Amino acid sequence: MATTVKTPDTTVDLAKAFAESGIGEVLDQLERELVGLGPVKARIREIAALLLVDKLRRDLGLTSETPTLHMSFTGNPGTGKTTVALRMADILHRLGYIRSNHLISVTRDDLVGQYIGHTAPKTKEILKKAMGGVLFIDEAYYLYRPENERDYGQEAIEILLQVMENRREDLVVILAGYADRMERFFASNPGFRSRIAHHVEFPDYAPEELMAIAELMLARQNYRFSDDARDAFRRYIATRMQQPHFANARSIRNALDRARLRQAVRLFQSRDRLLTADDLMTIDAGEILASRVFSGGAGSRAAAERHP
Ligand SMILES: Nc1ncnc2c1ncn2[C@@H]1O[C@H](COP(=O)(O)OP(=O)(O)O)[C@@H](O)[C@H]1O
Ligand SMILES: [Mg+2]
């Protein structure tokens, strides 16, 4: 394939291209919006740098291939995979790798039908919606059910593999889920592994990161902990982490939703007095300590997490 390489002294202004792309804003937003996740943020910056350089190389005719952009995001629930995928879509869009800044998030049920002949139209319908943007497949490994010999997931897999190869300029696929299950999925479906350019691993959060996430989530909604509530929430985190169905930052968000509800009930019960902005903003220790996490009922805790 002939490429039209410019004279060797043709220059490109990488700093200008970076500034014009606006991806710096997205990287800043990622930095502001997500506590911790150092390795993930570093990977995203690396991928962004690669994509920017690749774009300049294509502008100069040094390459004409559409790079493979499909990715896997692995980590436990609530570690920020969906949030980062949205920012990744933004970066891909700003650099011109996808036509529109949209991400369609699906699971097996959105792609696989119940009856013979249903899967292909279902998968194609989703692909049509995602085309030009990002298709985010959560818990992608559920597409593959080897224990079920005639599983319709296989049909979806074949269509996806084909599109991932042939429509690379129109669609970026991000597969997300638990690291170990994804690894087994790739081992049985090497076609997927070979089409994935970037693997990003999302670590679990440390207790102090979960605390910082809680404070950030509250501040964004103009709430804050009282000093006692802060201490109580530290204990909440330590206890909740040991219980079933713990889901990192998602568990924190759910816990704060319930604390806000209890705060509202408390304020309502004292409606005979005037409330200050401070009253309306402050979460008290009682709102944290009322959680079932402290009553030892791990089973009921898990049920509450599923139906917050
Ligand atoms: N590092 C973080 N800092 C602040 N909030 C976070 C962080 N990670 C996740 N969250 C929040 O936790 C919730 C769950 O995150 P999400 O991206 O849906 O995780 P996943 O897709 O891995 O399950 C979202 O509300 C998200 O904004
Ligand atoms: Mg998610």
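Computed from a prediction, not measured in an experiment: that's the story for all the values here. Atoms within each ligand, like the ligands themselves, are counted from 1 in listed order.
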For atom 11 (C) of ligand 1, the closest protein heavy atom turns out to be Met217 CE, 3.6 Å
When distances are taken from atom 13 (C) of ligand 1, the protein heavy atom at minimum range is Arg253 NH1, 3.8 Å
of all protein heavy atoms, closest to atom 21 (O) of ligand 1 is Thr82 OG1, 2.7 Å
* To do: Give yes if a backbone or side-chain nitrogen or oxygen of Leu37 is under 3.5 Å from a nitrogen or oxygen of ligand 1, and no if not.
  => no
| message | When you measure from the side chain of Thr282 to the backbone of Asp279, do you find a donor-acceptor pair of N or O atoms at a distance under 3.5 Å? | response | no
Side chain of Tyr205, backbone of Thr79: donor and acceptor closer than 3.5 Å? yes
For Pro77, the atoms of ligand 1 under 4.0 Å from one of its heavy atoms are 23 (O)
**Asked** If you measure from the Lys or Arg side-chain nitrogens to the Asp or Glu carboxylate oxygens, is any gap between Glu215 and Arg230 under 4.0 Å?
**Response** yes
Checklist entry - Does Glu209 come within less than 4.0 Å of ligand 1, judged by its heavy atoms? => result no
Item to complete: Please test Phe73 against His198 for ring pair (Phe, Tyr, Trp, His ring centres under 6.0 Å), starting from the C-alpha separation and ending with a verdict.
Response: CA-CA 9 Å; Phe73 284 9; His198 304 289; 9.8 Å; no
**Asked** Cut-off 3.5 Å, side chains only: do Asp204 and Asn248 have a donor facing an acceptor?
**Response** yes
Ligand 1 to Tyr205, heavy atom cutoff 4.0 Å, flagged ligand atoms 1 (N), 2 (C), 7 (C), 8 (N), 9 (C)
Between the OG atom in Ser226 and the CE atom in Met281, the distance rounded to the nearest 0.5 Å is 13.0 Å
- request: Decide whether the shortest distance between a heavy atom of Gly78 and an atom of ligand 1 is less than 4.0 Å.
  value: yes
(message) Quick one, Tyr141 with Tyr144, criterion ring pair (Phe, Tyr, Trp, His ring centres under 6.0 Å). Give me CA distance, side-chain angles, the key distance, then yes/no.
(response) CA-CA 6 Å; Tyr141 32 74; Tyr144 179 66; over 10 Å; no
Nearest non-hydrogen protein atom to atom 19 (O) of ligand 1, with distance, is Gly80 N, 3.1 Å
A student checking ligand 1 against Ala249 at a 4.0 Å heavy-atom cut-off should list atoms 6 (C), 8 (N), 9 (C), 10 (N), 11 (C), 12 (O)
In ligand 1, the atoms that come under 4.0 Å of a heavy atom of Glu33 are 3 (N), 4 (C)
- Measure from the Mg ion (ligand 2) to each N, O or S atom of Thr82 and report whether any distance is below 2.8 Å. yes
ask   = Any side-chain donor paired with an acceptor under 3.5 Å for Ser291 and Arg258?
value = no
*Flag the pair Glu33 and Arg87 as a salt bridge only when some basic side-chain nitrogen lies within less than 4.0 angstrom of an acidic carboxylate oxygen.*
yes
Fill in: Under 3.5 Å: N/O of Leu34 near N/O of ligand 1
no
Note: ligand 1 atoms sitting under 4.0 Å from heavy atoms of Thr83 are 15 (O), 16 (P), 17 (O), 26 (C), 27 (O)
If I apply the N/O under 3.5 Å rule, does Arg220 come out as touching ligand 1? no
Numbered in order shown, the ligand 1 atoms found under 4.0 Å of a heavy atom of Ile213 are 1 (N), 2 (C), 3 (N), 4 (C), 5 (N)
For Val35 and ligand 1, does the shortest N/O to N/O distance drop below 3.5 Å?
yes
If you scan protein heavy atoms around atom 23 (O) of ligand 1, the nearest is Arg250 NH2, 2.5 Å
Next item on the list: Classify the side-chain pair Thr68/His70 by whether it contains a donor and acceptor separated by less than 3.5 Å.
Entry: no
To the nearest 0.5 Å, atom CZ of Arg167 lies from atom OG1 of Thr66 at 12.0 Å
